[in-house]
Amino acid sequence: MKKFLILIIALFMQFCFVFADELSNNAILPSQKAIIKNVNYVEIPRGEETQIKQTADIRFLNGEFKGEKAIVDNMLTGNPYYDIKLKKGMKVIIHVEKDEFGDYNFSIEDCHRSGMLIFLSILFSGLLIYVGKKKGIFSLLSIFLTCVLIYNFLSPMILAGFEPILATILICILSTMITMYTVGGFNKKSTSATLGCTLSIIFALILSMITVKFANLTGYTSENTMFLYTSHPELNIISIAVASMLLATLGAVMDVAMSIASTINEIFTIDNTKTVKELFKSGMNVGRDIIGTMANTLILVYLGGSLPLLLLVSNIDLQKFFNLNQVVTEIASALIGSCSIVICVPITALVAANLVRIKKSENIEKILDFVLRNLRAPKFHFAYLN
(Lines give C-alpha, C1' and ligand atoms only; values in the text may rest on other atoms or scores of the structure.)
Protein backbone atom coordinates (compact mmCIF):
# COMPACT_ATOMS: atom_id res chain seq x y z
CA MET A 1 0.00 0.00 0.00
CA LYS A 2 2.80 2.41 0.92
CA LYS A 3 4.76 1.76 -2.29
CA PHE A 4 1.58 2.06 -4.36
CA LEU A 5 0.72 5.49 -2.90
CA ILE A 6 4.29 6.74 -3.33
CA LEU A 7 4.25 5.60 -6.97
CA ILE A 8 0.89 7.29 -7.65
CA ILE A 9 2.02 10.56 -6.06
CA ALA A 10 5.35 10.49 -7.93
CA LEU A 11 3.69 9.84 -11.29
CA PHE A 12 1.13 12.54 -10.64
CA MET A 13 3.77 15.12 -9.69
CA GLN A 14 5.61 14.32 -12.92
CA PHE A 15 2.37 14.84 -14.79
CA CYS A 16 1.93 18.22 -13.04
CA PHE A 17 5.26 19.51 -14.33
CA VAL A 18 4.62 18.27 -17.88
CA PHE A 19 1.08 19.64 -17.89
CA ALA A 20 2.17 23.06 -16.62
CA ASP A 21 5.00 23.20 -19.15
CA GLU A 22 2.66 22.48 -22.07
CA LEU A 23 0.20 25.14 -20.91
CA SER A 24 2.81 27.77 -20.08
CA ASN A 25 2.21 31.19 -21.60
CA ASN A 26 5.20 32.30 -23.63
CA ALA A 27 3.79 35.83 -23.78
CA ILE A 28 4.66 36.59 -20.16
CA LEU A 29 6.08 40.10 -19.97
CA PRO A 30 9.79 40.00 -19.05
CA SER A 31 11.11 41.90 -16.04
CA GLN A 32 14.52 42.50 -14.50
CA LYS A 33 15.90 43.79 -11.22
CA ALA A 34 17.69 47.13 -11.01
CA ILE A 35 18.99 49.56 -8.40
CA ILE A 36 18.28 53.29 -8.30
CA LYS A 37 21.53 55.27 -8.54
CA ASN A 38 19.94 58.73 -8.57
CA VAL A 39 16.46 60.34 -8.74
CA ASN A 40 15.38 63.77 -9.99
CA TYR A 41 11.88 65.23 -9.59
CA VAL A 42 10.42 67.37 -12.39
CA GLU A 43 7.11 69.27 -12.35
CA ILE A 44 5.11 68.96 -15.58
CA PRO A 45 2.21 71.40 -16.22
CA ARG A 46 -1.12 69.68 -16.84
CA GLY A 47 -3.57 72.50 -17.51
CA GLU A 48 -4.21 74.27 -14.21
CA GLU A 49 -2.43 71.53 -12.28
CA THR A 50 1.03 70.05 -12.30
CA GLN A 51 2.16 66.44 -12.25
CA ILE A 52 5.40 65.16 -10.76
CA LYS A 53 7.74 63.07 -12.91
CA GLN A 54 10.58 61.07 -11.43
CA THR A 55 13.62 60.62 -13.65
CA ALA A 56 15.72 57.76 -12.29
CA ASP A 57 19.22 56.64 -13.18
CA ILE A 58 19.22 52.84 -12.83
CA ARG A 59 21.71 50.00 -13.12
CA PHE A 60 20.49 46.51 -13.98
CA LEU A 61 21.40 43.80 -11.47
CA ASN A 62 20.43 40.69 -13.44
CA GLY A 63 19.12 39.43 -16.74
CA GLU A 64 20.04 40.38 -20.27
CA PHE A 65 21.11 43.93 -19.37
CA LYS A 66 23.06 43.08 -16.20
CA GLY A 67 25.57 45.82 -15.37
CA GLU A 68 24.16 48.27 -17.93
CA LYS A 69 22.76 51.70 -17.04
CA ALA A 70 19.61 53.44 -18.22
CA ILE A 71 17.37 56.42 -17.50
CA VAL A 72 13.73 55.68 -16.71
CA ASP A 73 10.82 58.09 -16.22
CA ASN A 74 8.16 57.35 -13.60
CA MET A 75 5.03 59.51 -13.29
CA LEU A 76 3.35 60.18 -9.92
CA THR A 77 -0.45 60.23 -10.08
CA GLY A 78 -1.15 61.41 -6.55
CA ASN A 79 -2.80 58.07 -5.72
CA PRO A 80 -0.73 56.19 -3.10
CA TYR A 81 -2.14 52.89 -4.38
CA TYR A 82 -0.28 53.28 -7.68
CA ASP A 83 2.60 55.67 -6.92
CA ILE A 84 6.15 54.44 -6.31
CA LYS A 85 8.25 57.02 -4.50
CA LEU A 86 11.76 56.28 -5.64
CA LYS A 87 14.90 57.01 -3.66
CA LYS A 88 18.60 56.36 -4.10
CA GLY A 89 19.66 52.79 -3.32
CA MET A 90 16.15 51.35 -3.74
CA LYS A 91 15.86 48.12 -5.71
CA VAL A 92 13.05 48.01 -8.26
CA ILE A 93 11.51 45.70 -10.85
CA ILE A 94 11.92 46.95 -14.41
CA HIS A 95 9.59 45.91 -17.20
CA VAL A 96 11.40 45.49 -20.52
CA GLU A 97 9.52 45.80 -23.80
CA LYS A 98 10.78 45.82 -27.36
CA ASP A 99 9.01 48.15 -29.80
CA GLU A 100 8.39 47.70 -33.53
CA PHE A 101 11.68 49.37 -34.39
CA GLY A 102 13.71 46.97 -32.26
CA ASP A 103 14.41 49.49 -29.50
CA TYR A 104 14.01 48.56 -25.82
CA ASN A 105 11.66 50.55 -23.57
CA PHE A 106 11.98 50.37 -19.80
CA SER A 107 9.39 51.16 -17.14
CA ILE A 108 9.39 50.80 -13.36
CA GLU A 109 6.77 48.24 -12.30
CA ASP A 110 7.22 48.09 -8.53
CA CYS A 111 9.67 47.88 -5.65
CA HIS A 112 11.74 44.72 -5.23
CA ARG A 113 10.30 43.07 -2.11
CA SER A 114 10.96 39.36 -2.52
CA GLY A 115 14.15 39.58 -0.45
CA MET A 116 12.04 39.96 2.70
CA LEU A 117 9.95 36.97 1.69
CA ILE A 118 13.11 34.88 1.36
CA PHE A 119 14.21 35.95 4.85
CA LEU A 120 10.81 35.07 6.36
CA SER A 121 10.79 31.73 4.52
CA ILE A 122 14.23 30.83 5.87
CA LEU A 123 13.18 31.88 9.37
CA PHE A 124 9.99 29.82 9.18
CA SER A 125 11.83 26.77 7.83
CA GLY A 126 14.51 27.03 10.50
CA LEU A 127 11.98 27.33 13.34
CA LEU A 128 9.88 24.49 11.93
CA ILE A 129 12.87 22.14 11.67
CA TYR A 130 14.29 23.20 15.06
CA VAL A 131 11.00 22.66 16.92
CA GLY A 132 9.52 19.86 14.82
CA LYS A 133 12.74 17.91 14.08
CA LYS A 134 11.92 15.13 11.64
CA LYS A 135 8.23 16.06 11.55
CA GLY A 136 9.22 19.60 10.69
CA ILE A 137 11.17 18.43 7.65
CA PHE A 138 8.21 16.36 6.50
CA SER A 139 5.94 19.38 7.05
CA LEU A 140 8.15 21.50 4.80
CA LEU A 141 8.05 18.77 2.18
CA SER A 142 4.25 18.64 2.28
CA ILE A 143 4.05 22.45 2.00
CA PHE A 144 6.34 22.37 -1.04
CA LEU A 145 4.33 19.61 -2.72
CA THR A 146 1.05 21.43 -2.04
CA CYS A 147 2.44 24.60 -3.64
CA VAL A 148 3.59 22.57 -6.63
CA LEU A 149 0.11 21.08 -6.97
CA ILE A 150 -1.55 24.49 -6.94
CA TYR A 151 0.93 26.26 -9.20
CA ASN A 152 1.79 23.44 -11.63
CA PHE A 153 -1.57 21.70 -11.79
CA LEU A 154 -4.55 23.68 -10.45
CA SER A 155 -3.79 27.00 -12.14
CA PRO A 156 -2.95 25.52 -15.57
CA MET A 157 -6.05 23.31 -15.46
CA ILE A 158 -8.39 26.22 -14.69
CA LEU A 159 -6.79 28.41 -17.35
CA ALA A 160 -7.09 25.53 -19.84
CA GLY A 161 -10.87 25.44 -19.33
CA PHE A 162 -11.35 22.69 -16.73
CA GLU A 163 -14.14 23.19 -14.18
CA PRO A 164 -12.49 25.11 -11.27
CA ILE A 165 -14.54 23.37 -8.57
CA LEU A 166 -13.75 19.84 -9.75
CA ALA A 167 -10.08 20.71 -10.23
CA THR A 168 -9.93 22.22 -6.73
CA ILE A 169 -11.60 19.20 -5.12
CA LEU A 170 -9.02 16.96 -6.79
CA ILE A 171 -6.19 19.16 -5.54
CA CYS A 172 -7.66 19.25 -2.02
CA ILE A 173 -7.82 15.44 -1.89
CA LEU A 174 -4.30 15.01 -3.28
CA SER A 175 -2.91 17.71 -0.99
CA THR A 176 -4.59 16.05 1.99
CA MET A 177 -3.16 12.64 1.11
CA ILE A 178 0.33 14.03 0.57
CA THR A 179 0.25 16.04 3.81
CA MET A 180 -1.25 13.32 6.00
CA TYR A 181 0.92 10.47 4.77
CA THR A 182 4.07 12.58 4.65
CA VAL A 183 3.68 13.97 8.17
CA GLY A 184 1.81 11.12 9.84
CA GLY A 185 3.25 8.12 7.99
CA PHE A 186 1.46 5.32 6.15
CA ASN A 187 -0.89 4.12 8.87
CA LYS A 188 -4.52 4.06 9.95
CA LYS A 189 -4.13 7.40 11.72
CA SER A 190 -3.26 9.15 8.46
CA THR A 191 -5.98 7.27 6.57
CA SER A 192 -8.56 8.35 9.15
CA ALA A 193 -7.45 11.97 8.93
CA THR A 194 -7.51 11.85 5.12
CA LEU A 195 -11.05 10.45 5.01
CA GLY A 196 -12.30 12.88 7.67
CA CYS A 197 -10.75 15.85 5.88
CA THR A 198 -12.07 14.79 2.47
CA LEU A 199 -15.63 14.38 3.72
CA SER A 200 -15.43 17.76 5.47
CA ILE A 201 -14.26 19.44 2.26
CA ILE A 202 -17.19 17.88 0.40
CA PHE A 203 -19.46 19.34 3.10
CA ALA A 204 -17.80 22.75 2.57
CA LEU A 205 -18.35 22.42 -1.19
CA ILE A 206 -22.08 21.81 -0.79
CA LEU A 207 -22.40 24.67 1.70
CA SER A 208 -20.42 27.01 -0.57
CA MET A 209 -22.59 26.24 -3.60
CA ILE A 210 -25.77 26.82 -1.59
CA THR A 211 -24.40 30.12 -0.29
CA VAL A 212 -23.36 31.36 -3.72
CA LYS A 213 -26.74 30.46 -5.20
CA PHE A 214 -29.06 31.89 -2.54
CA ALA A 215 -26.92 34.92 -1.64
CA ASN A 216 -26.55 35.80 -5.34
CA LEU A 217 -22.79 36.20 -5.00
CA THR A 218 -21.01 37.26 -8.20
CA GLY A 219 -17.44 36.25 -7.34
CA TYR A 220 -16.14 39.75 -8.14
CA THR A 221 -14.72 40.67 -4.76
CA SER A 222 -11.49 42.50 -5.57
CA GLU A 223 -9.50 44.31 -8.21
CA ASN A 224 -7.60 41.08 -8.89
CA THR A 225 -10.86 39.41 -9.91
CA MET A 226 -11.52 42.18 -12.40
CA PHE A 227 -8.01 41.82 -13.82
CA LEU A 228 -8.58 38.08 -14.15
CA TYR A 229 -11.87 38.63 -15.97
CA THR A 230 -10.21 41.14 -18.31
CA SER A 231 -7.43 38.67 -19.16
CA HIS A 232 -9.62 35.54 -19.26
CA PRO A 233 -13.30 36.45 -19.80
CA GLU A 234 -14.05 32.80 -20.58
CA LEU A 235 -13.47 31.71 -16.97
CA ASN A 236 -16.33 31.00 -14.59
CA ILE A 237 -15.67 33.56 -11.84
CA ILE A 238 -18.36 32.15 -9.54
CA SER A 239 -16.79 28.68 -9.67
CA ILE A 240 -13.43 30.25 -8.91
CA ALA A 241 -14.97 31.97 -5.87
CA VAL A 242 -16.23 28.59 -4.59
CA ALA A 243 -12.81 27.07 -5.27
CA SER A 244 -11.18 29.86 -3.24
CA MET A 245 -13.48 29.08 -0.29
CA LEU A 246 -12.47 25.41 -0.43
CA LEU A 247 -8.75 26.13 -0.53
CA ALA A 248 -9.07 28.56 2.37
CA THR A 249 -10.91 25.91 4.40
CA LEU A 250 -8.53 23.05 3.61
CA GLY A 251 -5.65 24.03 5.90
CA ALA A 252 -7.74 24.39 9.06
CA VAL A 253 -9.71 21.21 8.36
CA MET A 254 -6.51 19.19 7.85
CA ASP A 255 -5.23 20.40 11.21
CA VAL A 256 -8.40 19.34 13.02
CA ALA A 257 -8.64 15.99 11.23
CA MET A 258 -5.06 15.01 12.09
CA SER A 259 -5.47 16.14 15.71
CA ILE A 260 -8.58 14.01 16.22
CA ALA A 261 -7.20 10.96 14.39
CA SER A 262 -3.87 11.17 16.23
CA THR A 263 -5.61 11.44 19.61
CA ILE A 264 -7.81 8.41 19.02
CA ASN A 265 -4.86 6.42 17.70
CA GLU A 266 -2.77 7.23 20.81
CA ILE A 267 -5.62 6.31 23.15
CA PHE A 268 -6.11 2.98 21.39
CA THR A 269 -2.35 2.31 21.43
CA ILE A 270 -2.29 2.76 25.21
CA ASP A 271 -5.51 0.80 25.82
CA ASN A 272 -6.63 -1.45 22.96
CA THR A 273 -9.61 -2.73 24.95
CA LYS A 274 -11.59 0.44 24.38
CA THR A 275 -14.71 0.11 22.25
CA VAL A 276 -15.59 2.16 19.19
CA LYS A 277 -18.09 4.13 21.28
CA GLU A 278 -15.47 4.95 23.92
CA LEU A 279 -12.91 5.98 21.30
CA PHE A 280 -15.47 8.13 19.53
CA LYS A 281 -16.41 9.82 22.80
CA SER A 282 -12.74 10.54 23.58
CA GLY A 283 -12.23 12.02 20.11
CA MET A 284 -15.30 14.23 20.56
CA ASN A 285 -14.07 15.47 23.94
CA VAL A 286 -10.77 16.54 22.41
CA GLY A 287 -12.56 17.93 19.37
CA ARG A 288 -14.73 20.20 21.48
CA ASP A 289 -11.60 21.83 22.88
CA ILE A 290 -10.18 22.27 19.38
CA ILE A 291 -13.34 23.68 17.80
CA GLY A 292 -13.36 26.95 19.73
CA THR A 293 -9.77 27.97 19.04
CA MET A 294 -9.62 26.76 15.42
CA ALA A 295 -12.90 28.42 14.42
CA ASN A 296 -11.74 31.60 16.13
CA THR A 297 -8.42 31.41 14.29
CA LEU A 298 -10.14 31.10 10.92
CA ILE A 299 -12.49 34.00 11.64
CA LEU A 300 -9.56 36.19 12.72
CA VAL A 301 -7.62 35.35 9.56
CA TYR A 302 -10.50 36.64 7.43
CA LEU A 303 -11.09 39.67 9.65
CA GLY A 304 -7.40 40.54 9.56
CA GLY A 305 -7.35 40.42 5.78
CA SER A 306 -10.51 42.57 5.60
CA LEU A 307 -9.62 45.17 8.25
CA PRO A 308 -9.65 48.14 5.80
CA LEU A 309 -13.10 47.03 4.67
CA LEU A 310 -14.29 46.81 8.28
CA LEU A 311 -13.06 50.34 8.95
CA LEU A 312 -15.42 51.60 6.25
CA VAL A 313 -18.45 50.49 8.25
CA SER A 314 -18.53 53.86 10.04
CA ASN A 315 -19.16 55.58 6.69
CA ILE A 316 -21.75 53.17 5.31
CA ASP A 317 -25.26 52.29 6.40
CA LEU A 318 -25.12 48.92 8.20
CA GLN A 319 -27.87 47.38 6.10
CA LYS A 320 -26.02 48.35 2.93
CA PHE A 321 -22.66 47.25 4.36
CA PHE A 322 -23.80 43.74 5.29
CA ASN A 323 -25.31 43.24 1.84
CA LEU A 324 -22.25 44.28 -0.15
CA ASN A 325 -21.03 41.44 -2.37
CA GLN A 326 -17.46 41.60 -1.04
CA VAL A 327 -18.55 41.73 2.61
CA VAL A 328 -20.99 38.84 2.29
CA THR A 329 -18.39 36.77 0.42
CA GLU A 330 -15.74 37.31 3.12
CA ILE A 331 -18.11 36.59 6.01
CA ALA A 332 -19.59 33.56 4.24
CA SER A 333 -16.10 32.17 3.57
CA ALA A 334 -15.19 32.47 7.25
CA LEU A 335 -18.47 30.87 8.41
CA ILE A 336 -18.26 28.03 5.85
CA GLY A 337 -14.72 27.28 7.00
CA SER A 338 -15.83 27.31 10.63
CA CYS A 339 -18.78 25.01 9.90
CA SER A 340 -16.40 22.61 8.14
CA ILE A 341 -14.11 22.60 11.17
CA VAL A 342 -17.02 21.75 13.45
CA ILE A 343 -18.35 18.97 11.20
CA CYS A 344 -14.83 17.58 10.77
CA VAL A 345 -14.68 16.61 14.45
CA PRO A 346 -17.50 14.01 14.57
CA ILE A 347 -16.72 12.73 11.05
CA THR A 348 -13.03 12.12 11.80
CA ALA A 349 -13.79 10.76 15.27
CA LEU A 350 -16.26 8.27 13.78
CA VAL A 351 -13.88 7.18 11.02
CA ALA A 352 -10.83 6.93 13.29
CA ALA A 353 -12.70 5.07 16.05
CA ASN A 354 -13.67 2.38 13.55
CA LEU A 355 -10.44 2.16 11.57
CA VAL A 356 -8.01 1.87 14.51
CA ARG A 357 -9.72 -1.35 15.58
CA ILE A 358 -9.32 -2.99 12.18
CA LYS A 359 -6.52 -5.55 12.07
CA LYS A 360 -3.69 -4.95 9.61
CA SER A 361 -4.50 -8.02 7.55
CA GLU A 362 -8.05 -6.77 7.06
CA ASN A 363 -7.20 -3.12 6.40
CA ILE A 364 -8.08 -2.64 2.73
CA GLU A 365 -11.25 -4.75 2.65
CA LYS A 366 -12.69 -3.38 5.89
CA ILE A 367 -11.76 0.24 5.16
CA LEU A 368 -13.53 0.11 1.80
CA ASP A 369 -16.52 -1.64 3.34
CA PHE A 370 -16.67 0.94 6.13
CA VAL A 371 -16.50 3.91 3.75
CA LEU A 372 -19.11 2.55 1.32
CA ARG A 373 -21.44 1.49 4.13
CA ASN A 374 -21.34 4.87 5.83
CA LEU A 375 -21.67 6.85 2.61
CA ARG A 376 -25.00 5.06 2.14
CA ALA A 377 -26.06 5.80 5.70
CA PRO A 378 -28.69 8.53 6.28
CA LYS A 379 -26.30 10.63 8.40
CA PHE A 380 -24.15 11.33 5.33
CA HIS A 381 -27.07 12.19 3.07
CA PHE A 382 -27.83 15.75 2.06
CA ALA A 383 -31.39 15.07 0.94
CA TYR A 384 -32.53 18.23 2.71
CA LEU A 385 -30.80 20.27 -0.03
CA ASN A 386 -33.51 19.20 -2.44
Tell me yes or no: between the side chains of [X] and [Y], is some donor less than 3.5 Å from an acceptor?
X	Y	result
Thr194	Thr191	no
Arg288	Asn285	yes
Glu163	Ser239	yes
Thr77	Asp83	yes

Any non-hydrogen side-chain atom of [X] less than 4.5 Å from a side-chain atom of [Y]?
X	Y	result
Leu235	Ile158	yes
Ile331	Phe322	yes
Ser31	Glu109	no
Ser192	Ile264	no
Phe124	Leu120	no
Ser282	Thr263	no
Leu205	Thr168	no
Thr218	Thr225	no

Checklist entry - So Ile108 and Ile93, side chain to side chain contact (heavy atoms under 4.5 Å, CB included) or not? Walk me through it. => result CA-CA 6 Å; Ile108 298 176; Ile93 299 299; over 6 Å; no

Which heavy atom of [X] sits nearest a heavy atom of [Y], and at what distance?
X	Y	result
Val92	Leu86	CG1-CD2, 3.9 Å
Ala353	Arg357	O-CG, 3.8 Å
Gly184	Asn187	O-ND2, 2.8 Å
Gly196	Thr348	CA-OG1, 3.5 Å
Ile290	Ser259	CD1-CB, 3.6 Å
Ile343	Phe203	CG2-CD2, 3.5 Å

Return the [atom1] to [atom2] distance between [X] and [Y], rounded to the nearest 0.5 Å.
X	Y	atom1	atom2	value
Lys91	Ile36	NZ	CD1	12.0 Å
Ile171	Leu149	CD1	CG	4.5 Å
Gln51	Leu76	CD	CG	7.5 Å
Tyr82	Asp110	OH	CG	12.5 Å
Ile118	Leu123	CD1	CG	13.5 Å
Ile44	Asp73	CD1	CG	7.5 Å

Item to check | Listed partners of Phe268 passing ring-ring contact (aromatic ring centres under 6.0 Å, His included), at least two apart | outcome: none

Is it true that a side-chain atom of [X] and a backbone atom of [Y] form a donor plus acceptor pair closer than 3.5 Å?
X	Y	result
Asp57	Lys37	no
Ser190	Gly185	yes
Glu68	Phe65	no
Asn62	Lys33	yes
Ser155	Ile150	yes
Ser114	Leu117	no
Ser142	Ser139	yes
Lys135	Val183	yes
Gln54	Lys85	no
Asn265	Ala261	no

I'd like to know whether [atom1] of [X] has more than 12 heavy-atom contacts from other residues, nucleotides or ligands below 6.0 angstrom.
X	atom1	answer
Lys133	NZ	yes
Tyr220	OH	yes
Met209	CE	no
Glu234	CD	yes

Checklist entry - So Val256 and Met254, side chain to side chain contact (heavy atoms under 4.5 Å, CB included) or not? Walk me through it. => result CA-CA 6 Å; Val256 173; Met254 280 199 293; over 6 Å; no

Item to check | Ring-ring centroid check Phe106 Phe60, cutoff 6.0 Å | outcome: yes

For residues [X] and [Y]: do they belong to one hydrophobic cluster (side chain heavy atoms under 4.5 Å, members Ile, Leu, Val, Met, Phe, Trp, Tyr)?
X	Y	result
Val276	Val356	no
Phe138	Leu140	no
Met258	Phe186	yes
Ile143	Leu174	no
Phe162	Leu228	yes

Next on the checklist: One pair to check against side chain to side chain contact (heavy atoms under 4.5 Å, CB included): Met284 and Val345. What are the steps and the verdict?
Outcome noted: CA-CA 7 Å; Met284 288 298 295; Val345 172; 3.8 Å; yes

Checklist entry - Passes side-chain hydrogen bond (donor to acceptor under 3.5 Å, both in side chains), Thr249 versus Ser340? Steps please. => result CA-CA 7 Å; Thr249 301; Ser340 302; 4.9 Å; no

Checklist entry - Among Ile165, Leu217, Val242, which residue meets the side-chain contact (heavy atoms from CB on, under 4.5 Å) test with Ser208? => result Val242

Next on the checklist: One pair to check against side chain to side chain contact (heavy atoms under 4.5 Å, CB included): Val39 and Thr55. What are the steps and the verdict?
Outcome noted: CA-CA 6 Å; Val39 182; Thr55 301; over 6 Å; no

